[in-house]
Amino acid sequence: MADLEKALEKQVSRRSFLKTTGIGLGVAAGALVLGTGVVGAQTTQAPGAVPEAALPYVELDPEDARLRGHAAYWKAGCSYGPFYAVVSMLREKVGGPYNQIPLRMLGYGRGGVANWGTICGALNGAAAAINLVAPDADTNKLVSELVGWYTGFAFPSKEANAIGVAGGFKYDEKPYPKLELVTSVSDSPLCHASNAKWIAKSGFLLPTNERKERCARLTGDVAAKAVELLNAWKAGKFVATFKVDDQTASCLSCHAEDQEGKMACVSCHEPH
Ligand code: HEC
Ligand code: HEC
């Protein structure tokens, strides 16, 4: 296990001990605490059983998520990043069930699922974290908003570029490129399109450290955005704002029942 995780495990193990022995149950608000035989008062599940319901969420710091997401990208990839960021913070703040969730679970999503260039791994990892804490209906709204935001956002963000240039990604174990990176809008949730547009604009090819750093900053940005959305949702203030662009809406006025999706149709099809 790498130092980042080791340090974190150490840091959280004392607190989560308190939580798994029952002292922290107030924070977890009746949540099931796994693997210890201690079960929250409101559940009837057997000790050690996997909870079916969404896990408890507490407000998190988006800026810390940005830093953790960046470091985690360099450790195990874009999809691991936001999942690690959110779950590691919830381990510290809630403990209990979060200590039973393997942080490596989203590793497969790197490069758009095992380097297939499909869904951006950062989105995949963030969506998994959202689905852990939000009920299904809310997950759909939150993830759709996250994906919609991603397709129109110029990555990496000003915040991530500023931290990168200043060398402020404090959880990173190894040096990372500290230059200001050019930004690009993917107009797509696909890893393939997202990288292609940035590579065309920056001139840095896929295997370069600069391109990887671009995806590391993007991963931090997606983690931060996911936490912002979850905080708003938790506070009862989440409002979905994403709308498909006008052209896609016009395509869907005829194709809503024969085609799945909200992706910009003309990024792949000719209009007719
Ligand atoms: C006024 C209704 C309408 C609109 C608007 C519309 N389509 Fe279609 N589209 C159709 C019909 C009808 C077909 C033929 C269906 C079939 O062949 O089964 C079709 C076929 C297609 C096909 C199949 C390929 C082909 O040419 O046979 C694609 C791809 C497609 N549309 C994409 C789009 C895109 C992208 C847009 C928006 C830019 C769009 N459509 C807007 C009605 C529409
Ligand atoms: C990432 C690329 C991509 C995007 C974005 C995309 N499509 Fe497609 N679409 C495909 C592929 C690939 C197929 C299957 C191969 C084919 O038939 O061209 C397909 C198939 C279709 C077909 C059936 C074509 C046929 O021959 O029957 C229609 C209609 C269609 N898409 C409409 C849309 C509409 C409407 C949108 C926007 C909501 C959209 N597509 C977005 C790639 C895409």
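Quick caveat: nothing in here was measured; it's all calculated off a predicted structure. Start at 1 and go down the list; that is how both ligands and their atoms are numbered.
In this structure, atom 43 (C) of ligand 2 has a protein heavy-atom contact shorter than 4.0 Å. Within the 4.0 angstrom cut-off, atom 26 (O) of ligand 2 has no protein heavy-atom neighbours. Within the 4.0 Å cut-off (strictly below), a protein heavy atom is located near atom 35 (C) of ligand 2. Counting protein heavy atoms under 4.0 angstrom from atom 29 (C) of ligand 1 gives one or more. The nearest protein heavy atom to atom 40 (N) of ligand 1 is closer than 4.0 Å. When distances from atom 17 (O) of ligand 2 to the protein are checked, no heavy atom turns up under 4.0 Å. Distance remark: protein heavy atom present below 4.0 angstrom from atom 10 (C) of ligand 2. Distance remark: protein heavy atom present below 4.0 angstrom from atom 21 (C) of ligand 1.
Ring geometry for His255 against His272 counts as perpendicular: the plane angle is over 60°, on a 0 to 90° scale with 30° as the lower cut. Classification of the Tyr176-Phe169 ring pair by plane angle, with boundaries at 30° and 60°, yields perpendicular.
A distance-only check finds a donor-acceptor pair linking the side chain of Thr208 to the backbone of Leu205 [under 3.5 Å]. A distance-only check finds a donor-acceptor pair linking the side chain of Asp221 to the backbone of Ser157 [under 3.5 Å]. Under a 3.5 Å cut-off, the side chain of Lys234 and the backbone N or O of Tyr57 do form a donor-acceptor pair. Within the 3.5 Å criterion, the main-chain N or O of Glu213 finds no donor-acceptor partner in the side chain of Trp74. For the pair Arg211 (side chain) and Trp198 (backbone), a donor-acceptor distance under 3.5 Å is absent. A donor-acceptor pair is defined here as one N or O able to donate and one able to accept, closer than 3.5 Å; no such pair exists between the side chain of Thr219 and the backbone of Ala122.
The closest protein non-hydrogen atom to atom 19 (C) of ligand 1 is His255 CE1, 3.4 Å. The protein atom (non-hydrogen) at minimum distance from atom 5 (C) of ligand 1 is Ser250 O, 3.3 Å. Regarding atom 38 (C) of ligand 1, its nearest protein heavy-atom neighbour is Cys251 SG, 2.6 Å. Protein heavy atom closest to atom 2 (C) of ligand 2, with residue, atom name and distance, is Cys268 SG, 1.9 Å.
Of all the listed residues (Gln259, Glu270, His272), His272 holds the heavy atom that lies closest to atom 6 (C) of ligand 1. Between the choices Gln247, Met263, His269, the shortest heavy-atom distance to atom 13 (C) of ligand 2 belongs to His269.
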**Q.** CA sep, side-chain torsions, deciding dist, call: Thr248, Lys262, side-chain contact (heavy atoms from CB on, under 4.5 Å)
**A.** CA-CA 8 Å; Thr248 299; Lys262 302 175 190 175; 5.9 Å; no
Q: Decide side-chain contact (heavy atoms from CB on, under 4.5 Å) for Tyr84 and Arg68; before the verdict, give the C-alpha distance in whole Å, the side-chain angles of both, and the deciding distance to 0.1 Å.
A: CA-CA 8 Å; Tyr84 170 85; Arg68 288 181 195 225; 4.3 Å; yes
Q.
Does Arg214 form a side chain to side chain donor-acceptor pair (under 3.5 Å) with Ser202? I'd like the steps, not just the answer.
A. CA-CA 10 Å; Arg214 174 265 180 185; Ser202 71; over 6 Å; no
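Contact analysis puts Leu190 in contact with ligand 2, with a non-hydrogen atom separation below 4.0 angstrom. Note on ligand 2: Ser188 sits outside its first shell, no heavy atom being nearer than 4.0 Å.
Checking Asp64 against Tyr171 by side-chain atom types alone, a donor-acceptor pair falls below 3.5 Å.
Near Ala264, with a cut-off below 4.0 Å to any heavy atom, the atoms of ligand 2 are 5 (C). Taking every non-hydrogen atom of Pro271 and a distance limit under 4.0 Å, the qualifying atoms of ligand 1 come out as 38 (C). Annotation for ligand 1: atoms under 4.0 Å from non-hydrogen atoms of Cys254 are 1 (C), 2 (C), 3 (C), 4 (C), 5 (C), 42 (C), 43 (C). For ligand 1 and Cys265, the ligand atoms under 4.0 Å from any heavy atom of the residue are 35 (C).
Of all the heavy atoms of Ser267, the ones lying under 4.0 Å from any atom of ligand 2 belong exclusively to the side chain.
By the 6.0 Å contact criterion, NZ on Lys178 is enclosed, its count of non-hydrogen atoms from other residues, nucleotides or ligands being greater than 12.
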